[in-house]
Asker: 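Quick one: the structure is below, and I'll ask about it shortly.
Both ligands and their constituent atoms are indexed starting at 1 by order of listing.
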Amino acid sequence: MARIYDTAKSTLALRQRKRSLLSQLRIRPDILRASLVERYSRCGKANCHCHRDGAKHGPFHYLTQCLAVGRINKFLLKADAQQQAARDGIEHYRQLQEQLEELSQINT
Ligand SMILES: [Zn+2]
């Protein structure tokens with residue numbers, strides 16, 4: 001669901017807000033439509049502690065991107081820098097989506 005923006009303003013105020021939004025619009029090169037998820041898992045060694053006391057291995061950080069139903073890109077991000085880059089790209093995507101949504105609501 002989209003956030004609902006206050007469009008019950010004067011036409012002049014909406015035009016000014018639109019101009020401001022358009023001037024702020026910027027596509028960041030690292031933009032990412034994806035999710036960063038944390039997973040814990042059991043290994044393949046039958047005698048490992050993870051199969052006994054329930055303490056699984058992890059966390060493992062995965063970047064996941066859904067392309068279609070049942071079609072998901074998934075990448076294991078081992079380095080902290082990779083995880084931070086993913087968080088930044090995801091945040092930049094979210095910010096752009098919000099700006100586009102507000103612009104669309106004003107135009108409507
Ligand atoms: Zn294990």
Asker: Determine whether the side chains of S20 and Q24 contain a donor N or O and an acceptor N or O closer than 3.5 Å.
Answerer: yes
Asker: Can you check whether I106 reaches Y5 side chain to side chain, under 4.5 Å on heavy atoms?
Answerer: no
Asker: Within the stated cut-off of 2.8 Å, is an N/O/S atom of H51 closer than that to the Zn ion (ligand 1)?
Answerer: no
Asker: Is there a donor-acceptor contact under 3.5 Å linking the side chains of Q84 and D80?
Answerer: no
Asker: Within 2.8 Å of the Zn ion (ligand 1), is there any N, O or S atom belonging to H57?
Answerer: yes
Asker: Indicate whether the side chain of Q95 and that of Q99 have a donor and an acceptor atom separated by less than 3.5 Å.
Answerer: no
Asker: Please work out the angle at the Zn ion (ligand 1) defined by atom SG of C48 on one side and atom SG of C43 on the other, rounded to 10°.
Answerer: 110°
